[in-house]
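The next block holds one structure in the form of structure tokens; read it before the comments.
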Amino acid sequence: MRLKEENACKNEGEKENGGHVRLKEENGFENEVEKDNERVTSQSLYSTMISGAYQQQKLVVGYALTSKKVKSFLQPKLEGLARKKGIIFVAIDHHRPLSDQGPFDIVLHKLTGKEWCQILEDYGQTHPEVTVLDPPDAIQHVHNRQSMLQDVADLNLSDKHGKVGVPRQLVIKKDPSSIPDAVTRAGLMLPLVAKPLVVDGSAKSHELSLAYDQLSLSLLEPPLVLQEFVNHGGVLFKVYIVGEAIKVVRRFSLPDVNKRELLNNAGVFQFPRVSSAAASADDADLDPCIAELPPRPLLEKLARELRRRLGLHLFNIDMIREHGTRDRFYVIDINYFPGYGKMPGYEHIFTDFLLDLVQSKHKRHPPNNS
């Protein structure tokens, strides 16, 4: 890896702090965040054609989020920019029927439970003009680690820019004592990363363990997913996706495990969530071979295909590069509606996304005012 490649990588990262990249093939919207001040006037109120004239309207986003999510996502910088662009965020009252509230242009949510999913499903049927972000059934697909990576595996993405796959994995639903034999039959190689099978938004569902030896596997607590650990230089790429926009940041991850460590260590080592904002690696002095971001065309193709297959607008991908390679990548996790508040420039990306979403829907389904 040449030094100038690292400099180019850093320059790309610096540019991203103020901007974002769109998938140009589908809509071709401008991606220059520095133009936001110029665009506020034209985008502050989205327009719909009524009787040959434009009528200015506010864009109303009803949100149903946990108190923790409200605090991390609805930051003053987001709400302030949204107001300038004519976007209003309105809290949904859980004690009142959803159909009695609004009217909304968009319902933004990250709540769990069968009752809430049914409420949204019923609401979507009676209010087809409202965009629900995102459909509950699509979200459920990525709440299970057995199914969340299947679409990546089925995609089998490989082109001149690189190859994207998933680590070999095994699902264990019960009986810890059966794990060693199950691992042997599956032919998985140690060490193994153990993750809870269900992702429910809790901190515990994002914890992971690293098992070094066969006997210790029986100490794990099912239901869980076992993934082969892939050495990746201790850095992962968190790929944020907001509609057609992509933003990539580096995060510190688990360190590599060499053969001597594998022989000299035994047991199961537990780790908290390893890709938090506090563990940002964007400003660290890293080996250029490790720090280089995945190729943009590869990410664009992956994001576009996963958006289509998953049916989601809001998610992120945890991605690693196999150490010692330049173009071999693995997706190890997918998260719905991740911590966008940790993403540099998220307020610009998200407000543009909301405006584009509604404008695009009006173009496809113009209002009938006859």
Side-chain angles (χ1 to χ4, degrees), residues 12 16 19-31 110 131-169 171 195 199 225 227-228 230 232 236-251 275 292-322 325-340 343 346 349-350 352-354 356-357 360-361 363-364:
E12 181 181 357
E16 286 180 349
H20 62 280
V21 174
R22 301 288 182 110
L23 298 184
K24 297 179 181 178
E25 296 177 16
E26 295 191 19
N27 273 321
F29 292 106
E30 289 186 346
N31 62 359
K110 193 179 183 182
T131 299
V132 176
L133 293 174
D134 270 310
D137 56 343
I139 296 171
Q140 288 301 316
H141 187 70
V142 295
H143 277 177
N144 185 300
R145 285 196 167 96
Q146 182 175 12
S147 58
M148 73 160 59
L149 298 183
Q150 190 58 51
D151 287 295
V152 181
D154 292 344
L155 183 58
N156 194 27
L157 177 57
S158 180
D159 62 19
K160 64 181 181 180
H161 301 289
K163 182 176 177 63
V164 181
V166 299
R168 291 203 301 165
Q169 67 177 33
V171 175
K195 303 178 182 181
V199 182
V225 170
Q227 287 181 350
E228 283 189 335
V230 178
H232 52 284
L236 67 79
F237 304 104
K238 192 165 281 289
V239 184
Y240 290 98
I241 296 166
V242 184
E244 296 170 11
I246 300 173
K247 179 80 172 181
V248 187
V249 297
R250 302 177 188 85
R251 294 283 185 263
S275 59
E292 183 183 17
L293 296 175
R296 181 65 57 177
L298 186 70
L299 292 179
E300 289 178 346
K301 187 173 183 179
L302 176 63
R304 183 171 60 249
E305 286 294 329
L306 286 182
R307 266 204 334 272
R308 181 179 65 84
R309 289 168 179 257
L310 296 173
L312 298 174
H313 292 83
L314 306 174
F315 61 100
N316 78 351
I317 303 166
D318 286 348
M319 192 177 200
I320 59 175
R321 174 192 287 111
E322 184 173 359
T325 74
R326 188 176 182 182
D327 60 358
R328 185 72 175 95
F329 299 94
Y330 293 89
V331 174
I332 57 175
D333 237 341
I334 299 175
N335 301 291
Y336 170 67
F337 201 159
Y340 288 119
M343 180 177 72
Y346 89 103
I349 296 173
F350 215 93
D352 281 353
F353 160 68
L354 294 174
D356 291 346
L357 187 69
S360 176
K361 188 167 186 175
K363 288 179 182 177
R364 294 195 310 270

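The first residue of the sequence shown is numbered 1, and numbering continues consecutively from there.
- The main-chain N or O of Arg328 is never found under 3.5 Å from a side-chain atom of Arg321 such that the two would form a donor-acceptor pair.
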Start with the C-alpha gap between Glu244 and Arg307, add the side-chain angles, then the distance that decides, and say whether side-chain contact (heavy atoms from CB on, under 4.5 Å) holds.
CA-CA 9 Å; Glu244 296 170 11; Arg307 266 204 334 272; 3.9 Å; yes

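- Legend: residues meeting salt bridge (charged side-chain N to carboxylate O under 4.0 Å, His left out) with Lys195, ordered by chain and number and at least two apart, are Asp333.
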Show your reasoning for whether side-chain contact (heavy atoms from CB on, under 4.5 Å) applies to His313 and Phe353.
CA-CA 10 Å; His313 292 83; Phe353 160 68; 3.8 Å; yes

Pair Leu354-Asp352, side-chain contact (heavy atoms from CB on, under 4.5 Å): steps then yes or no:
CA-CA 6 Å; Leu354 294 174; Asp352 281 353; over 6 Å; no

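- The nearest pair of heavy atoms linking Ala303 to Phe315 is O-CZ, 4.4 Å.
- Closest approach of Val166 to Tyr330, counting heavy atoms only: C-CD2, 3.5 Å.
- For the pair Arg296/Val248, a side-chain contact is recorded, criterion being any heavy-atom separation below 4.5 Å from C-beta on.
- A donor-acceptor contact shorter than 3.5 Å is absent between the side chain of Tyr336 and the backbone of Ala138.
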What verdict does the side-chain contact (heavy atoms from CB on, under 4.5 Å) test give for Ile334 and Val152, after you've listed the backbone C-alpha separation in whole Å, the side-chain angles of each residue and the deciding distance to 0.1 Å?
CA-CA 10 Å; Ile334 299 175; Val152 181; 4.1 Å; yes

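- Between the side chain of Asn316 and the backbone N or O of Pro338 there is no donor-acceptor pair closer than 3.5 Å.
- Here Asp154 pairs with Gln150 under the side-chain hydrogen bond (donor to acceptor under 3.5 Å, both in side chains) rule; sequence neighbours left out.
- Residues satisfying the salt bridge (charged side-chain N to carboxylate O under 4.0 Å, His left out) criterion with Glu228, sequence neighbours excluded, are Arg168.
- Side-chain contact check for Leu299 versus Met319: some heavy-atom pair is nearer than 4.5 Å.
- Atoms OG1 and NE2, from Thr325 and His232 in turn, are 12.0 Å apart once rounded to the nearest 0.5 Å.
- Between Asp137 and Ile139, every side-chain heavy-atom pair lies at or beyond the 4.5 Å cut-off.
- Looking only at side-chain heavy atoms (C-beta outward), Leu155 and Val164 stay at 4.5 Å or farther from each other.
- The shortest distance between side-chain heavy atoms of Leu302 and Val331 falls below 4.5 Å.
- Tyr240 is not listed as a side-chain neighbour of Ile246, based on a closest heavy-atom distance of 4.5 Å or more.
- Taking NZ from Lys301 and NE2 from His161, the interatomic distance works out to 8.5 Å, rounded to the nearest 0.5 Å.
- For His141, the side-chain hydrogen bond (donor to acceptor under 3.5 Å, both in side chains) partners are Asp151, not counting sequence neighbours.
- Judged by distance alone, the side chain of Arg251 and the main-chain N or O of Phe237 form no donor-acceptor pair under 3.5 Å.
- Here the shortest heavy-atom pairing between Ile332 and Leu149 reads O-CD1, 4.0 Å.
- Residue Asp134 comes nearest to Leu314 through the heavy atom pair OD2-N, 3.1 Å, listed as atom of the first residue, atom of the second, then distance.
- Residues forming a ring-ring contact (aromatic ring centres under 6.0 Å, His included) with Phe337 (at least two apart in sequence, or on another chain): Phe73, Tyr340.
- Under 4.0 Å is where a charged nitrogen must lie from a carboxylate oxygen, and between Glu305 and Arg309 at least one such pair does.
- In this structure, Ser147 contributes its side chain and Asn144 its backbone to a donor-acceptor pair below 3.5 Å.
- Listed here is the closest heavy atom pair of Val142 and Met148: O-CE, 3.1 Å.
- Listed by chain and residue number, nothing satisfies the side-chain hydrogen bond (donor to acceptor under 3.5 Å, both in side chains) test with Gln146 (two or more places apart in sequence, or in another chain).
- Residues Asp327 and Lys163 are not paired through a salt bridge, judged by the lack of any N-O separation under 4.0 Å between the basic side chain and the carboxylate.
- Distance check, rounded to the nearest 0.5 Å: CD1 of Ile241 to CG of Leu312 gives 9.5 Å.
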